[in-house]
Amino acid sequence: MGAPSNTRNIGIFAHIDAGKTTVTERILFYTGRTHRMGDVDHGTAVMDWMPQERERGITIVSAATTCEWNKTRINIIDTPGHVDFTAEVERSLRVLDGGVGVFCAVGGVEPQTETVWRQAQRYSVPALAFVNKLDRQGADFHRVLQMMKDILGETPLPVMLPVGEGSNFKGVIDILEQKALYFDMESLGSKFSVKEIPEDLQDEAAEALEKIKETVAELDDGAMERYFAGELGKEEINSLLRKGTIAGLFIPVLCGAALRNVGVQRLLDAIVDWLPAPEELPSVTGIKPNGKEEIRERSDSEPFTALVFKIQTDAHLGRLAYLRVYSGTARDGQSVYNNRTGKKERLTRLVMMHADKRIHLDNISEGDIAAAGMKNAATGDTLTVLGRPLTLETIHFVDPVMEMAIESVGAGDEKKLEDALKDMTSEDPSLKVGVDRETGQTLIRGMGELHLEIVVDRMKREKKLDVRTGRPQVSYRESVSSVGSGEETFERLIAGKGNFGNAVIEVRPMEKGIRFTSATDSLSRQFLDAVKSGIMGSVSAGVLAGYPLDGVEIILKGARMHETDSTEIGYSSSAAIALRKALRKASPVIREPIMKVDIVTPADYMGDVIGDVNARRGTVVSIDQRGEAQAILANIPLSELFGYTSSLRSLSQGRAGYTMQFNNYALVPPNVQKKLLDKMGITF
């Protein structure tokens, strides 16, 4: 089937170890982009180009590349599956037009798959599914389909079926063609033979084709009539499959075994045939400086509009900003307007990336994903043509849950450390830098132990900086358990001028986040903004142990004016002090991050593993069969998970494994809170 346009911007996403990077490596091989297949296990994967990725066999940063199939250019972003690098997935999904979810035929829908899938749903990314590793013991294609329905709430529509599973896996059935495909191992799967469907699978394949026809016919009245008349042709089925996929009505499901080179060419066909071209997606909407919305069509004739979704320091080209172009065109060296900074900046060294290699571009246009040398751009910035400003929706990132003290070893290296951290936080929005109020130490905050470990490793290798670190610590939050109020009047002479402010602040517990509202109309907009500024400047440190506030509603209940001396300084200062008074009266409490932990263990060790979960203040949510192993899903406080890898190995003789992701913040039990405060020498 011919595609409406010759560009696809897609991402490949999944749970760790589902085989995303291997699928991408096979795609690059079959499209002629590489001439030797990379291998994750041997550290030769093209897309895993960082030394840390090759050593660990995991993807850490989203890598961009481009290839061609059936006269269509496919821009691919291979995203990480490890939860510590979820920010990489978030920013990639924000700029993609379509996605391929890779599912392990044994593991099915695993927790991180679910997280990434929800991210894709939030950005309405049309998707295909590829059930991988059908050659593995315990593979079960139909179980994965059922999990997609039950856990993801999707409508999977199989367009391929496996011929055998596990050690009996031989090939795949193309349902639309009603043929079986057997891949030649000597040609690394680039050749395959087309044969009749095995007799024992003919009924299942015929039923699957009927299901496809019935599903797509519902999208069009004329198609429904032709379906009942038995006249629904292959061309129309393909066209309707595309329409339904782009609308998110169902997920076409393909299958294979990427490591054994089975099924990837059909996946490429599906990407071209059923995932959208840039111009098929809705127009982009942004906010103009006057606060009004403006719609821009996805067309080269519209004003240039692009979103910066990633910053990376390149060894050869310096600081690069990755950008997705939504409308218009721009040339290398052209000046564009950064809507966040309000300043113009030049697009220098315009390149298209292939992992860590690059191809120079003279210009970029609607639908392109490229990188440019930019000094002041940051993730989430909107770039537009000069004179036509517009701000697109930015990218949202989860707050860090773990922190660690860091300092330079070399005398006089403090400035180098500061610069290195500035570079790395501009590259990685989920990495935050702060200062410990008690000790004055520099703190780095990230998404987990591995995240912080990689940051420190990169500091040493890339920045050539010798650093010393403390032990990773949990990033707690402070909240309140009751309602409290405080009032403060600020009166002070500053430079001979009177400054007055008065604020009555009330705080209440809420589920999560910080919300500020005003219940009084006694202040002008200018002074109300000053109150808000004073409050939001104070939420980074609570009154109990100095942790950031979370789960607190803050209400301005009242404020008095002064005839002559009311000032912004007065109101911001009085609000900040009144807030602290209110927090002290509202029974402050500490909240801790709770992680959703997915443990896969042989059944023999399940009792010991569950006992250990309970000992760590954990709660078992569910237990499921996963192949021949048991999958235990539990919620466990992050503070109880330090060193869990070695504990789990010793409990299971090295045969169990786990992954975890942030779930929510919850109140610390009173006895644990007391221990925490005692350890810090705090009495309240």
Review point. Looking only at side chains, do S327 and T305 share a donor and an acceptor under 3.5 Å apart?
Key: yes
Check your understanding: Do P400 and L431 touch side chain to side chain, with heavy atoms closer than 4.5 Å?
Key -> no
Review point. Quick check: does any side chain N or O of N9 sit under 3.5 Å from a backbone N or O of L96, one acting as donor and the other as acceptor?
Key: no
Point to revise | Check: G534 main-chain N/O paired with S538 side-chain donor or acceptor under 3.5 Å | key: yes
Point to revise | Side-chain donor or acceptor of S573 paired with backbone N/O of G570 under 3.5 Å | key: no
Exercise for review: State whether the side chain of E568 and the backbone N or O of F527 hold a donor-acceptor pair below 3.5 Å, judged by distance alone.
Suggested key: no
Point to revise | Test item: T442 and V433 side chains (from C-beta on) under 4.5 Å apart, heavy atoms | key: yes
Check your understanding: Under a 4.5 Å cut-off applied to non-hydrogen side-chain atoms, are I27 and I12 in contact?
Key -> yes
Exercise for review: Taking the side chain as every heavy atom from C-beta outward, state whether L556 and F516 have any pair of such atoms under 4.5 Å apart.
Suggested key: yes
Check your understanding: Between R388 and E294, is there a side-chain N and carboxylate O pair less than 4.0 Å apart?
Key -> yes
Check your understanding: Are V336 and T384 side-chain neighbours, meaning at least one heavy-atom pair lies under 4.5 Å?
Key -> no
Point to revise | Check: R349 main-chain N/O paired with D332 side-chain donor or acceptor under 3.5 Å | key: yes
Check your understanding: Between E297 and S283, do the side chains contain an N or O donor and an N or O acceptor separated by less than 3.5 Å?
Key -> yes
Point to revise | Note, V351 side chain near I359 side chain (heavy atom, < 4.5 Å) | key: no
Exercise for review: For the pair N338 (side chain) and R340 (backbone), establish whether a donor and an acceptor sit closer than 3.5 Å, ignoring hydrogens and angles.
Suggested key: yes
Review point. Centre of Y322's six-membered ring, under 6.0 Å away, within 45 degrees of the axis: is that where NZ or CZ of R324 sits?
Key: no
Check your understanding: Can you find a side-chain donor-acceptor pair between T329 and D300 that sits under 3.5 Å?
Key -> no
Point to revise | Donor-acceptor contact below 3.5 Å, side chain T31 vs main chain W69 | key: no
Check your understanding: Taking 4.0 angstrom as the limit, do E280 and R242 come out as a salt bridge?
Key -> yes
**Study point:** D273 side-chain N/O to I271 backbone N/O, donor-acceptor pair under 3.5 Å
**Key:** no
Check your understanding: Taking NZ, NE, NH1 and NH2 as the nitrogens, is one of them in R298 or E366 under 4.0 Å from a carboxylate oxygen of the other?
Key -> no
Practice item. Would you please test S365 and V325 for side chain to side chain contact (heavy atoms under 4.5 Å, CB included) and show each step? Key: CA-CA 6 Å; S365 58; V325 184; 5.7 Å; no
Point to revise | Ion pair K416/D466, N-O distance below 4.0 Å | key: no
Review point. K512 versus N664: any side-chain heavy-atom pair under 4.5 Å?
Key: no
Point to revise | Polar contact flag, side-chain donor to acceptor under 3.5 angstrom, N339-T382 | key: no
Exercise for review: Taking only Lys NZ, Arg NE, NH1 and NH2, and the carboxylate oxygens of Asp or Glu, determine whether R73 and D368 approach each other closer than 4.0 Å.
Suggested key: yes
Point to revise | Backbone of I295 reached by a side-chain donor or acceptor of T285 within 3.5 Å | key: no
Point to revise | Short side-chain to backbone donor-acceptor contact, E345 and K375, under 3.5 Å | key: yes
Review point. Does a donor on one side chain sit under 3.5 Å from an acceptor on the other, for Q441 and E407?
Key: no
